[in-house]
Amino acid sequence: MRTTNYLLSTLREAPADAEIISHQLMLKAGMIRKSAAGIYSWLPLGLRVLRKVEAIVRAEMDAAGAQELLMPGVQPAELWAESGRWDHYGPELLRIRDRHERDFCLGPTHEEVITDLIRREIRSYKQLPANFYQIQTKFRDEIRPRFGIMRAREFLMKDAYSFHLDEASLRETYQQMHTTYTRIFERLGLEFRAVIADTGAIGGNASHEFHVLAESGEDAIAFSDASDYAANVELAEAAPPAGEPAAATEELRLIDTPEAKTIADLVEQHGLPIEKTVKTLIVKAADGGLLALLVRGDHELNAVKAARLAQVAEPFEFAGEAEIRAAIGAGPGSLGPVNLPIPCVVDHSVAAMSDFGAGANIEAKHYFGINWGRDAELPEVADLRNVVAGDPSPDGQGTLVIRRGIEVGHIFQLGTKYSSAMKATCLDENGTAQTLTMGCYGIGVSRVVAAAIEQNHDDRGIIWPAAIAPFELALLPINMHKSQRLRDAVEKLYAELRAAGIDVLLDDRRERPGVMFADMELIGIPHRIVFSEKGLDAGQLEYRARPDSENQNIPLEGAVDFIRAQLASV
RNA sequence: CGGGGUGUAGCUCAGCUUGGUAGAGCGCUGCCUUCGGGAGGCAGAGGUCACAGGUUCAAAUCCUGUUACCCCGACCA
């Protein structure tokens with residue numbers, strides 16, 4: 001491809017509303033343009049990347065025996081009514097009506113359509129198991145689309161649905177998809193982790209999310225430095241500390257703390273180590289009253305874990321200040337376990353504390369030197385906090401490291417949620433109808449593009465992993481318009497590279513070198529060759545890989561082989 | 001949905017307080033010079049100042065309404 005025949009719409013400055021680096025770079029590199037909030041066009045350069053991601057996903061899904069099909073983007077309301085989701089999906093489902101006043105929606109996912117299709121097509125256990133996938137545009141009317149393509153309303157997704165006669169077969173395909181996803185993200189050249197995920201309302205069955213690791217990720221994930229264990233921080237278990245709490249060495253004392261409203265104040269004004277403080281959080285209880293949850297001052301309450309306690313009201317909700325004062329007689333900032341008039345659950349790490357400080361349940365006073373047993377009965381103990389870096393791994397191997405991740409894939413075992421609602425059955429060996437068991441497996445194809453940039457960029461622009469770069473190599477002739485000899489040499493190599501099947505971009509614009517360098521670095525082409533008169537005199541070209549800062553002189557003769565070797569070495 | 005902010009040239013923004021008929025830098029077109037890290041000069045093109053109404057002799061500027069977009073929060077995955 002020649003730049004003079006290609007829409008290379010690079011921008012010097014990114015539009016002001018682009019917040020994260022991938023969004024800025026995708027706009028600056030001319031990959032995407034916005035049509036409306038969360039809705040984008042892909043320019044030729046961006047589409048090349050998207051297609052490369054798609055091709056890898058498709059190849060690996062095919063290799064795993066999945067069959068590609070394509071389902072409609074517009075779906076009839078009847079199917080959603082059948083599964084019950086027409087009423088339950090909420091405003092994220094964009095509903096539309098046709099000229100005959102019939103209801104439809106723009107598909108945010110395709111469980112209904114595939115289940116409808118398969119219940120008609122699959123009659124016998126002999127056709128199972130089967131796994132169908134598509135790569136298709138989805139629409140979710142997000143309340144707040146943001147971060148460009150990362151959290152768009154319209155996005156490209158690979159979604160797959162598998163069908164089985166029993167759980168064992170489902171588990172087998174699930175495991176196979178886990179392996180396939182691992183291969184896909186390895187081939188994409190991204191640093192990623194498969195993490196144990198929340199199974200949500202479906203419950204019970206296994207689920208994993210695949211996260212691309214990047215500082216800007218929306219999810220915190222915890223993984224072991226010594227094993228495969230990885231989980232969303234929301235789900236990672238905090239192991240109870242070993243051993244008994246240390247014996248009391250201090251007397252209980254009531255201290256005036258008029259200026260201490262927060263843990264930070266307490267630490268700063270009274271010289272208490274933060275690990276010797278306790279946070280008391282009040283939530284609504286299942287019985288209609290209030291419940292106190294205690295975590296150490298330096299820990300965070302984990303709402304997912306708290307919501308699982310039987311004593312906690314559903315949905316999980318913090319109590320208001322007025323309610324707290326009515327029940328306890330003191331406001332937030334002065335609460336603690338001593339003389340607490342409401343039920344209480346404490347985190348494991350709190351149960352292990354001694355000689356600690358907490359609110360006195362008296363306005364503007366704290367108790368210091370609190371010890372369980374002596375000053376307050378130890379209440380129920382549970383896992384209530386987010387894990388932190390350095391905690392022991394729940395599988396007993398190594399300690400936890402916390403990184404941020406971008407969710408790009410999700411696999412889970414659906415079971416019979418849709419097949420039973422929609423009566424999708426087939427006959428087993430005995431001729432009896434069995435409700436199909438299902439799994440589903442998604443990859444956010446367009447999000448992968450943004451995630452790859454979040455993980456791989458520098459201050460000059462994008463650094464594409466080789467497998468998904470829009471072009472593999474850039475040819476940059478300097479002052480080609482002034483030298484026919486240079487032009488001939490460039491054209492010759494360009495033709496040879498193309499004949500060798502290399503994805504090459506020839507910058508034949510009459511631009512100054514600085515402009516070419518800046519553009520090629522911005523759009524992230526992994527390899528570049530610079531042609532100059534001076535080099536030709538010496539029979540040499542300059543080669544540089546994208547992240548390097550040094551040029552390498554290579555002989556003009558055999559340049560194609562050299563490039564081939566460089567491409568292969570990545 | 002609640003709170004906040006912004007809409008002026010393709011992009012980044014000034015002008016608005018104090019009303020007087022539209023600006024800069026970058027980008028774009030042409031010519032000249034330059035030519036190894038986003039060059040310089042000259043000449044151009046390009047704007048219903050988001051939209052509608054109002055006040056006024058006069059509105060980008062003041063007032064009202066609408067709309068779009070952005071940020072924070074809640075929500076969702």
Side-chain angles (χ1 to χ4, degrees), chain A residues 7-20 23-24 27-30 33-40 43 85 88-94 108-109 111 138-148 150-153 155 157 159 195 197-202 207-211 217-219 232 234 303-304 315-318 405-412 440 442-444 447 459-461 474 476-483 486 507 509-523 528-536 540-542 544 549-551 553:
Chain A
L7 186 64
L8 202 61
S9 283
T10 54
L11 298 175
R12 200 98 167 238
E13 289 173 280
D17 55 17
E19 219 194 336
I20 59 168
H23 189 194
Q24 291 166 7
L27 290 168
K28 282 181 71 175
R33 291 291 182 255
K34 183 166 71 173
S35 280
I39 299 177
Y40 292 85
L43 303 188
R85 290 208 289 186
H88 289 117
Y89 207 90
E92 216 172 278
L93 185 65
L94 183 63
T109 178
E111 283 84 1
K138 298 273 189 277
F139 193 94
R140 292 182 189 169
D141 199 1
E142 292 271 348
I143 299 174
R144 187 141 100 85
R146 56 185 136 175
F147 306 144
M150 187 76 86
R151 201 176 182 73
R153 289 193 292 174
F155 57 98
M157 183 169 175
D159 49 328
V195 310
D198 192 359
T199 49
I202 299 160
S207 177
H208 285 85
E209 291 169 355
F210 286 74
H211 285 257
E218 288 190 87
D219 294 293
N232 201 305
E234 289 187 343
V304 174
F316 176 86
E317 199 180 347
F318 283 105
I406 298 164
E407 183 189 342
V408 289
H410 197 166
I411 57 177
F412 57 102
C440 93
I443 289 180
R447 183 181 275 189
D459 53 5
R460 292 176 173 185
L476 308 184
I478 291 176
N479 292 326
M480 183 166 70
H481 62 283
K482 289 209 305 203
S483 164
L486 190 64
D507 198 347
R509 295 176 298 176
R510 191 173 158 170
E511 283 290 357
R512 299 161 62 82
V515 173
M516 295 181 177
F517 295 152
D519 273 346
M520 294 305 128
E521 283 164 348
L522 173 61
I523 69 178
R528 85 173 187 209
I529 294 273
V530 175
F531 276 77
S532 67
E533 279 274 310
K534 201 172 53 187
L536 281 189
Q540 291 196 314
L541 303 173
E542 279 168 32
R544 191 195 282 196
S549 55
E550 294 297 315
N551 289 328
N553 285 318

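This one's a predicted model, so the numbers in the text were calculated from it and none came from an experiment. Side chains are part of it too, since the values below use all heavy atoms of this structure and drop only hydrogens, waters and symmetry mates.
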Regarding the side chain of A/Asp519, the nearest nucleotide among B/G37, B/C11, B/G38 is B/G38
- Salt-bridged, A/Glu533 to A/Lys482, with N to O below 4.0 Å? no
Residues passing the salt bridge (Lys or Arg N to Asp or Glu O under 4.0 Å) test with A/Arg447, sequence neighbours excluded, are none
Quiz prompt | P spacing across the pair B/A50 / B/A14, given as an integer number of angstrom | solution = 14 Å
Of the listed B/G36, B/G38, B/C13, the closest approach to the A/Ala16 side chain comes from B/C13
The salt bridge (Lys or Arg N to Asp or Glu O under 4.0 Å) partners of A/Lys138 (sequence neighbours excluded) come to A/Asp159
Can you see if the side chain of A/Lys34 gets near the phosphate of B/C70 - specifically, an N or O under 4.0 Å from OP1 or OP2? yes
Between the protein and nucleotides 30-34 of chain B, which nitrogen or oxygen pairs are less than 3.5 angstrom apart?
residue: B/U34; atom: O2; partner: A/Arg512; partner atom: NH1; Å: 2.6

Find every protein N or O atom lying less than 3.5 Å from an N or O atom of nucleotides 24-28 of chain B, and list the pairs.
residue: B/G25; atom: N2; partner: A/Glu13; partner atom: OE1; Å: 3.3
residue: B/C26; atom: O3'; partner: A/Arg12; partner atom: NH1; Å: 3.2
residue: B/G27; atom: OP1; partner: A/Arg12; partner atom: NH1; Å: 3.4

With B for base contact, S for sugar-phosphate-only contact and - for none (protein heavy atoms under 4.0 Å), nucleotides 72-77 of chain B reads B-BBBS
Among the nucleotides B/G37, B/G38, B/C35, whichever has the atom closest to the side chain of A/Glu521 is B/G37
Between CZ of A/Arg509 and C1' of B/G37 the distance, given in whole Å, is 14 Å
Contact string for nucleotides 40-45 of chain B, one letter per nucleotide 5' to 3', B = base within protein heavy-atom range under 4.0 Å, S = sugar-phosphate only, - = neither, reads ------
When rounded to whole Å, the CG to P distance for the pair A/Leu43 and B/C11 reads 14 Å
